Q: 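One structure, as C-alpha cells, below. Some questions next.
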Amino acid sequence: MKLDDIDRKILEMLIEDGRMSYVDIGKKLNLSRVAVRERVNQLVKHGVIEKFTVVINSEKFGKQVSAFFEVDCEPAYLVEVAQKLAENPNVASCYQMTGPSTLHMHVLVEDFAALEKFINNELYALEGITRVESHILLRRFKSRTGLKL
C-alpha cells in the first residue's frame, strides 16, 4: 500500500491521540467521517496500523522499577529463552539484537525485591543463558510509543 499525504496526516493524528474520532479527523482534513473510516480500515487491512492500544503509566500502575537487560544465550537455546521471557508478565519488551548481546529486554516490576526475585527465579533459572547485564532506569527523558512520521 502506498501512503499519500492524507494517510500520513491521519496516522500522525492517531499517533498523537488514538481516541480521536473520525469526525474530528475529518474536520481537520476536510474529509467526511466515512472517508476517514475507510482510509483507517485500509491502513489496518494492509498492516500499516498493527493495533490500537492504550499506554499506561507504569509507575502509577505500581511498577516502580524499570530495568533493561542484555542477555547472552547459547545459540541452541536462543528461541526457547526468548519465548519464555516474552511470556513473562514482567517483561515489557524483548528483542534479538546484533552485537555482543543476544537479547535486549525491558522489565517492569513493583520494587527492588521483585526485581531480585525476577533475576534469581525467572531469569537465571533459564537454561542456555551465558551472561546477564542489567541497567536500572533512573529518569526518562523521552519515550516514544509510536512511529513518528
Side-chain angles (χ1 to χ4, degrees), residues 1 3 6-29 33 36-75 77-149:
M1 171 178 193
L3 300 180
I6 293 173
D7 292 327
R8 290 179 186 279
K9 288 176 183 173
I10 290 171
L11 289 169
E12 286 172 2
M13 286 185 230
L14 289 174
I15 288 168
E16 188 65 31
D17 179 3
R19 294 182 61 183
M20 183 178 276
S21 73
Y22 295 160
V23 170
D24 290 341
I25 293 170
K27 285 179 184 175
K28 291 183 181 217
L29 298 177
R33 174 190 57 80
V36 173
R37 184 186 70 212
E38 181 56 34
R39 283 180 174 265
V40 170
N41 287 343
Q42 288 298 312
L43 292 166
V44 170
K45 177 182 174 185
H46 287 94
V48 176
I49 296 175
E50 291 183 359
K51 67 180 175 177
F52 292 90
T53 189
V54 62
V55 177
I56 296 172
N57 181 317
S58 59
E59 290 180 9
K60 292 185 181 191
F61 190 67
K63 304 282 187 168
Q64 300 296 319
V65 177
S66 179
F68 294 86
F69 289 86
E70 295 170 10
V71 180
D72 287 347
C73 300
E74 295 175 25
Y77 292 94
L78 174 67
V79 173
E80 181 182 344
V81 167
Q83 288 173 341
K84 286 181 181 175
L85 290 171
E87 292 170 0
N88 189 300
N90 293 311
V91 176
S93 60
C94 184
Y95 304 96
Q96 183 178 2
M97 305 293 284
T98 61
S101 177
T102 307
L103 297 175
H104 181 79
M105 143 177 100
H106 182 205
V107 172
L108 296 166
V109 291
E110 295 80 11
D111 52 31
F112 286 105
L115 182 62
E116 181 182 8
K117 182 179 176 185
F118 171 80
I119 291 169
N120 290 328
N121 299 346
E122 300 176 54
L123 187 56
Y124 289 162
L126 295 175
E127 189 173 1
I129 292 178
T130 58
R131 184 186 73 87
V132 174
E133 187 174 319
S134 62
H135 307 275
I136 307 300
L137 177 72
L138 297 177
R139 181 170 36 159
R140 178 180 10 196
F141 291 101
K142 180 179 181 180
S143 178
R144 188 180 331 169
T145 56
L147 177 67
K148 287 290 185 190
L149 304 179

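Being a predicted model, the structure only gives us computed values, none of them experimental. Positions are given from 1, in the same order as the sequence printed here. Heavy-atom basis, side chains included; hydrogens, waters and symmetry copies ignored.
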Q: Check whether any side-chain heavy atom of V91 lies under 4.5 Å from a side-chain heavy atom of M105, and answer yes or no.
A: yes
Q: Would a line drawn from the ring center of Y95 to the ring center of H104 be shorter than 6.0 Å?
A: no
Q: Starting from the C-alpha separation in whole Å, work towards a yes-or-no answer on side-chain contact (heavy atoms from CB on, under 4.5 Å) for V107 and I119.
A: CA-CA 10 Å; V107 172; I119 291 169; over 6 Å; no
Q: Answer whether the closest heavy-atom distance between the side chains of Y124 and I129 falls below 4.5 Å.
A: no
Q: About how many Å separate OG of S93 and CG of L85, when rounded to the nearest 0.5 Å?
A: 11.0 Å
Q: Once you round to the nearest 0.5 Å, how far does CG of D7 lie from CD of E12?
A: 11.0 Å
Q: Distance from K28 atom NZ to I10 atom CD1, nearest 0.5 Å?
A: 13.0 Å
Q: Side chains of L103 and F69, heavy atoms from C-beta outward: is any pair under 4.5 Å?
A: no
Q: Contact between L115 and I136 at the side-chain level, heavy atoms closer than 4.5 Å - yes or no?
A: yes
Q: Testing L108, V109, L137 one by one against V65 for a side-chain contact (heavy atoms from CB on, under 4.5 Å), which residue passes?
A: V109
Q: Establish, from distance only, whether the side-chain atoms of E87 and Q83 form a donor-acceptor pair under 3.5 Å.
A: no
Q: Does the E110 side chain pair with the main chain of K63, one donor and one acceptor, at a distance under 3.5 Å?
A: no
Q: Look up atom CG in L14 and atom CZ in F52, then write down how far apart they are to the nearest 0.5 Å.
A: 5.5 Å
Q: Would a 4.5 Å heavy-atom cut-off, applied to side chains only, mark K51 and V44 as touching?
A: no
Q: Any heavy-atom pair between the side chains of L29 and M13 that's under 4.5 Å?
A: yes
Q: Can you tell me if CZ on F61 sees more than 12 non-hydrogen neighbours from other groups inside 6.0 Å?
A: no
Q: Any non-hydrogen side-chain atom of N90 less than 4.5 Å from a side-chain atom of E122?
A: yes
Q: How about CZ on R131, more than 12 heavy atoms from neighbouring residues, nucleotides or ligands closer than 6.0 Å, or not?
A: yes
Q: Can you tell me how far OG of S66 sits from NE2 of H135, rounded to the nearest 0.5 angstrom?
A: 12.5 Å
Q: For a side-chain contact (heavy atoms from CB on, under 4.5 Å) check, start with the C-alpha distance between V71 and T102, then their side-chain angles and the critical distance, and finish with the verdict.
A: CA-CA 6 Å; V71 180; T102 307; over 6 Å; no
Q: Taking side chain to side chain contact (heavy atoms under 4.5 Å, CB included) as the definition, give me every residue that meets it alongside Y77, ordered by chain and number, with sequence neighbours left out.
A: E74, E80, V81, E127
Q: Go through R33 and V23 one step at a time and tell me if the side-chain contact (heavy atoms from CB on, under 4.5 Å) criterion holds.
A: CA-CA 5 Å; R33 174 190 57 80; V23 170; 3.7 Å; yes
Q: Measure the CD-CG distance between Q64 and D111 for me, rounded to the nearest 0.5 Å.
A: 8.5 Å
Q: Are D24 and D17 close enough, and set up right, to give a side-chain contact (heavy atoms from CB on, under 4.5 Å), and what steps lead you there?
A: CA-CA 11 Å; D24 290 341; D17 179 3; over 6 Å; no
Q: Atom CD of residue position E133 - does it have more than 12 heavy atoms of other residues, nucleotides or ligands inside 6.0 Å?
A: yes
Q: Does some side-chain heavy atom of V132 sit less than 4.5 Å from a side-chain heavy atom of D72?
A: no
